[in-house]
Every structure is written in C-alpha cells, then in structure tokens.
Amino acid sequence: MTESSVPAHRDFVRQIIDEDLKTEKWAGRVHTRFPPEPNGYLHIGHAKSICLNFGIAKEYGGKCNLRFDDTNPEKEEVEYVDSIMDDVRWLGFDWEDRLFYASDYFEQIYQWAEQLIRDDKAYVCSLGLEEIRGGRGSASEPGVDSPYRSRSVEENIDLFRRMRAGEFPDGAHVLRAKIDMAHKHMLMRDPIMYRIRHTEHHRTGHKWCIYPTYDYTHGQSDSIEGITHSICTLEFENHRPLYDWYCDALGIHHPQQIEFNRLNLTYTMMSKRRLLELVQGKHVHGWDDPRIPTLRGLRRRGYTPESIRAFVAYVGVTKNNATMDMCVLENHIREDLNKRAERRMGVLNPLKVVITNYPEDQTEEMDAVNNPEDATAGTRKVPFSRELYIERDDFMEDPPKKFFRLSPGKEVRLRWAYFVTCSNVVKDASGQITEIHCTYDPATKGGDAPDGRKVKATLHWVSAKHALQAEVRLYDHLFVKEDPDEVSDASLDWKSNLNPNSLIVQPAAMLEPSLGLAKTGERFQFERMGYFCVDSDTQGAHMVFNRTVTLKDQWSKEQAKG
RNA sequence: AACCCGGUGGUGUAAUGGUAACACAUCAGAUUUUGGUUCUGAUUUUCCAGGUUCGAGUCCUGGCCGGGUUACCA
C-alpha cells in the first residue's frame, strides 16, 4: 500500500507499456500527457488520471506533459487554467517545461485540415445543425450523403479559407471529414472537424472564429507532442476509431490511445456538470467547499496529497465499472494522519465539570504526549484546574450496559490528569443537565493509579478558564444515499438526496490553549474525536477548524445497533 | 435499437491454462492512559449453458446482466 514500494502487480496499462518496451515499438520512449479541459475544477477522479499519467512517466523514466484541451472557447476560462495548474502541483506532480495548450496548435491543425481537403478527405458542409443530425440516420438506418459532399477541392478550399476569414456567421458552414455515411459507428458518419464560433478565446483572443472539435484536435495534439501512450477514460473508447482515422489520414506520428475506468465514490458525485450545479445553486459554498470531492475541497477539508496518491494507487486501474466505498478514502487519510498529526484535546459539545475537592485557585500543568505513534513529536503542557469541560456525550445519567464513560458513581480517567468520580448532577428547571460534580484522587496524577486499579474509560477535557473558544465545522457525507441517483419516485432527482446535515457548525467548541498558535492548514487529531485542520476562514482570534474525518468509533456502532 | 466495453466475496483489486488470493467492510477476541492505533481469528467469491483440455476464473460459442456512446461538448 505504500506508494514508495514498487508494485509487483502490473495493471493492464503498464503491461501494454512493458510489451511496447520489449518490442521497441516507440524506440524505448514513454511519453504521456494529462489533458484537462479548462472548464471546471479538478476532482479526485482527475487525480487518478494525473497519478496514472505522471506516475507512469516517472516509473519508466519518461515524460508527462500538461496540456490544456482548450478547443471550446464558450466554456473555458483562465480561472480554471490557473486552478488546474495549482491543483496538479499540490498533488505533487511537475510538468517541468512542458506546459502546452491545444490552442497553440491551431495553425498546424488548420493546415492539416486543408491537407485533408486536398486529399478529398474533408469537405465544407452548408447544412444546418438539424439537417446534419437528420442526415446522419440512426442506429438502424444508414445516413444519407450531404448534398455538399461532392464539392470540388477548389470550392472547399475557398469556402474553408473564407470561414477562417470570418466571412460567415456562426453555423453557416462546418468542415466535415469525408468517411462513410453508412458506417456502423455513428461517430464515423462524416464527423464535424470545424465549426464557426465568433467567440473570444481565453488565449487566442479574436484571432480565430473557427474552432476544431475534440476529435479533430486531440490525436493531432498528442502527435505533435510525440506522445506514445494517450491514456484516457472509458467513455472515449468509441472515439478511438476516429482518433486512429485522423492520424492515419494525415500520415502523422500515431500514438496509442488506451482507455481505463474512471473513479466513482459512494455518497458523492464526480460529474463536472453536477458539481457546477451544486456550486451555482448554492447547495455548497464554492469549489473549495470541504464537502465536495474537488481537489480544492479535499485540500481544505484536510486531506493530504500523500493520502490521495495512496488511495488512487490502491483503487487500481482496470476497465470495470467500479465504485469505491467512501470509507476507503477515509481510511487512507486516517492512516496518514495517525502517523503524522499531533494530538490535542478539544471539546466539541461542552459540559461543565466541577472537581469539588480540587483547590479553587490552583492550576497544574499536565504533561501530554503529542503523538503516541511518533516519539520524536515530544510532549506539551496542558493546564488543569477546578472547572473543566468534557464532551456532553461522555456523560449519561442513566447509562446502558455497554457505556463505559462517566455516570453517577462511576470513576473514569481524565487523560494525562486524574481519575475522577461523579458525585452529583446539577440540572436546570427544565431538567437539562447544566453541570456535573466530581471528586478527584490526587494520587492518580498523570493518569496512573498507584494501587493498580483500572478504569474503563479515558476522557478528553479542557480547563474552563484556559479554554480557547473556536468554531468547529463537522462534515458528513454530501448525500444520504450511497448512490445519489437512487430516488423513490420519478419526480425526484439526485438533489433530493442531499444530506441536510452534511455541515454542522459548533460555534463554541472549547479547545486546549496550545491550539491558539495553529496556522491555517495545520492538522491535528483531537483525541477521541477525529482529525481536524485549521480553516482559511480563521481571522485573528476567531479560529475555525474543519473536521477532516472522525476516528473509527466502536461505540457509535454499538449505539446504532440499538 | 445499433455500436463499443465490462461481469471474481458486500466493495475494490489479484491469480496471464495448474491449490481462487489480498485489502477494506462485517463479526468475534487480545492489547491499550484515545471505544483510536496495533495484533489474532471468523464469515463471505469466479453471471449462466455448452465446448476445447489431463486440467478453465482464464481459451471458444451462445445467452443473461451492467456500463458507455449514438453533440457544430470534452
């Protein structure tokens, strides 16, 4: 599972590359690329592609390019370009000097289009959008040839040049490949190569008013960059014949397209379109909302790049439709943070405790271990005094059998401090517990009983007068269903499965004072509660923490059983 | 519907014609100054039917089921 170890198992993509190296298909070269369209933010599904492409390049001593697939000016923006570069770097990958844009190749791609026209493999079609669709036929019936299919090379070249020159309005003409209107692949029935769009492009401005389509751009871009293995997701499998057709028709370097399965996760969704809908519909607070699986969201939530890389390596690469359990992702961040995160005490839902036999004005500094998994993390001092806060869930007046924590007459350990026994429960007029009274055993200082007696539970606590009050945001699954698309009746859609409790804010959690020094992004384990990180909303003394993930919790499972 | 691709425990991934395995999840237990961590054990698997073979999860044929595609998006 560790990412440094060389995996014994070779997934099918690596097996293909092994074979290519053996047969010297590419003269020993391995060159991949990660080709995002800058029309949205990257999510953990993209992380799989990034790790695969950059990872393979690294393993084989090859190269991986970052290339923006920016052929549709209507949807693409610089904002996305910048965020994508930032996310790829954050994940831990480096494209060195190989930052490219498909739009850099527009001139070459245009010249190749003229070449195809001259070779009688492309023509300008002046049918309208609906007519083109209609003419394409259907799965059961072949399409019919466009009346413009037999235009002369001269007329095609003239028309195409005038398209480029801006003589025609949007939609007046398109350039189509001349393949076969009866082909069994609908995609091969004279696909569109160029469309007229009088739209400003985020990089080329108004230089172009005709833009090439994905199919007529992607393989050519790969070819120009000398890519050997063009790795993409399964939904492009159908496009491979076209990819191959263009490379062959042009007679240019012809990379091999390989398709792998995309990552799906339970209780969330990866669709760019739906993520956009969540953001624009204000169902979440932006692209970096810690509840959505964008890389920025996960980052803000407290996920480390290491944990995401390890997770992605764990899920593997196949051609199966696969949905990973969210708990597997959560286990990876737990595993990472268990080793690295220092422990602190934080009471999320405070209940006042008075140690009645503890001196009024006394304060003691207790020694606390920072990380039991890492001796080099050292220790810290935690102030202890007569009035404390403990977790409200750690006390029950009338506990069930398997409840080990504090209840009347029961003795528990306060971590790194003393054994205490509950002597009294104080309630308000409505019967709400307002505070509890305990006595402590001075002989148990530090948390060990010299007489060897045991307690069943250890509680975290914070000294009331030393406590740092902070806002803590508790996150849960974005959706209540494993599969957000599962709805009880057809009038409902996936949004009806949004979890109304995916964010619960604790405005006044009580934290141990050492946390006041924590910086934005810093991660801790709040003992017994989970892993937390300092949110970017932190302003001076007003600190905000995000819960990355809870600790595994046997007691909550016990409770769920009823 | 057509075309393309897939079906191995609950989930994901191995086994590359030779004993079906690993991880997570679930359950039970041990250890524990976190009901965390760690450790031990248990439960549960080759879609179906034929064929080839000494031998099939793997190869072949036919079915069944699931997904993708059928855009002037990528």
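All values derive from a computational prediction rather than experimental measurement.
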Point to revise | Results of salt bridge (Lys or Arg N to Asp or Glu O under 4.0 Å) for D483(A) - residues two or more places apart only | key: none
Point to revise | Face-to-face contact W555(A) to G35(B) six-ring, under 5.5 Å, under 30° | key: yes
Check your understanding: Is the NZ atom of K456(A) crowded by more than 12 outside heavy atoms at less than 6.0 Å?
Key -> no
Exercise for review: Please work out if Q525(A) contacts a base, only the sugar-phosphate, or nothing of the nucleic acid, heavy-atom cut-off 4.0 Å.
Suggested key: base
Practice item. For nucleotides U37(B) and U45(B), find the distance between their P atoms and express it as a whole number of Å. Key: 28 Å
Check your understanding: Within the structure, does a side-chain N or O atom of T323(A) lie under 4.0 Å from either OP1 or OP2 of U11(B)?
Key -> no
Review point. What string of B, S and - do you get for nucleotides 3-10 of chain B 5' to 3' if you count protein non-hydrogen atoms under 4.0 Å?
Key: SSSSS--B
Practice item. Quick one: label Y216(A) by what it contacts on the DNA or RNA (base, sugar-phosphate, nothing), any heavy atom closer than 4.0 Å. Key: nothing
Check your understanding: Under 4.0 Å between a side-chain N or O of N261(A) and OP1 or OP2 of U13(B)?
Key -> yes
**Study point:** Whole-angstrom distance between A56(B) and G41(B), as gauged at atom C1'
**Key:** 33 Å
Point to revise | Base-pairing string, 5' to 3', of RNA chain B - Watson-Crick or wobble, under 3.5 Å, | interstrand | key: (((((((..((((....[..)))).(((((.......)))))....(((((..]....))))))))))))....
Practice item. Pull out every residue in residues 133-144 of chain A that has a heavy atom closer than 4.0 Å to any atom of RNA chain B, ordered by number, or say none. Key: R133(A), R136(A), A139(A)
Review point. So what does K402(A) hit on the nucleic acid, given a heavy-atom distance under 4.0 Å: a base, only sugar-phosphate, or nothing?
Key: base
Revision key, fill the gap. Residues of residues 168-182 of chain A with a heavy atom under 4.0 Å from any atom of RNA chain B, listed by number, are G171(A), V174(A)
Check your understanding: When all nucleic acid strands are considered with a 4.0 Å heavy-atom cut-off, which category describes Y194(A): base, sugar-phosphate, or nothing?
Key -> nothing
Check your understanding: Is the distance from OP1 or OP2 of A74(B) to the nearest side-chain N or O of T71(A) less than 4.0 Å?
Key -> yes
Practice item. Report yes if at least one side-chain N or O of R405(A) is closer than 4.0 Å to OP1 or OP2 of G35(B); otherwise report no. Key: no
Practice item. Check RNA chain B against residues 122-130 of chain A and give the residues with a non-hydrogen atom under 4.0 Å, in numerical order. Key: L127(A), G128(A), L129(A)
Check your understanding: Given U37(B), is OP1 or OP2 found less than 4.0 Å from the side-chain N or O atoms of K552(A)?
Key -> yes
Check your understanding: Just checking H218(A): base, sugar-phosphate only, or nothing, at a heavy-atom cut-off of under 4.0 Å?
Key -> nothing
Exercise for review: Determine the Euclidean distance between corresponding C1' atoms of C39(B) and G7(B); express it in Å to zero decimal places.
Suggested key: 36 Å
Exercise for review: Kindly say if R10(A) contacts the phosphate of U16(B), meaning a side-chain N or O under 4.0 Å from OP1 or OP2.
Suggested key: no
Review point. Is the aromatic ring of Y314(A) within stacking range of A23(B), meaning centres under 5.5 angstrom and planes under 30 degrees?
Key: no
